[in-house]
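One structure below.
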Amino acid sequence: MEKNRIQHIDIARGIAIICIILGHLGNAYINSVVFTFHVPVFFFITGYFTNKNLCIKNFIKNKARTLLVPYVFTSFLIILLGTLEYLVFVDKTASWQALTGWLYAAIYGAGDSYSSPFYIKVIGSL
């Protein structure tokens, strides 16, 4: 039996696999870029084809509900607690910097801290 393959999906999956390999090389410059998307893109593409409902609109809505909502909620808690920690225990004047640092970390989704090409604090693997 001949399988019908969608070439642009195979190419996207191949690029994601290459990015995963590049991420394991240990180069900080490469990691600061590919760690933001490589595994999620690969899982998104693979998950799309394991879902019996192939309607892209429903798929995206379901993934946003099951992945993004918990991420936003957890990020909010980390931002709140991290900022409160600065207000109460560290330095009240630096709390604004802590808040912006946590916001950047949540938007960037960094599982590790980076100092090059810009500083981003670690928010962890949520």
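Atom OG1 of T83 is separated from atom CH2 of W102 by 8.5 Å, given to the nearest 0.5 angstrom.
Linking ILVMFWY side-chain heavy atoms closer than 4.5 Å, directly or via other members, places I107 and V72 in two distinct hydrophobic clusters. Y71 and I78 fall within the same hydrophobic cluster, defined by Ile, Leu, Val, Met, Phe, Trp and Tyr side-chain heavy atoms under 4.5 Å apart, directly or through other members.
Here L84 pairs with L80, L87 under the side chain to side chain contact (heavy atoms under 4.5 Å, CB included) rule; sequence neighbours left out. I11 is linked by a side chain to side chain contact (heavy atoms under 4.5 Å, CB included) to Q7, I15, counting only residues two or more places apart in sequence or in another chain. Legend: residues meeting side chain to side chain contact (heavy atoms under 4.5 Å, CB included) with L103, ordered by chain and number and at least two apart, are I79, L99.
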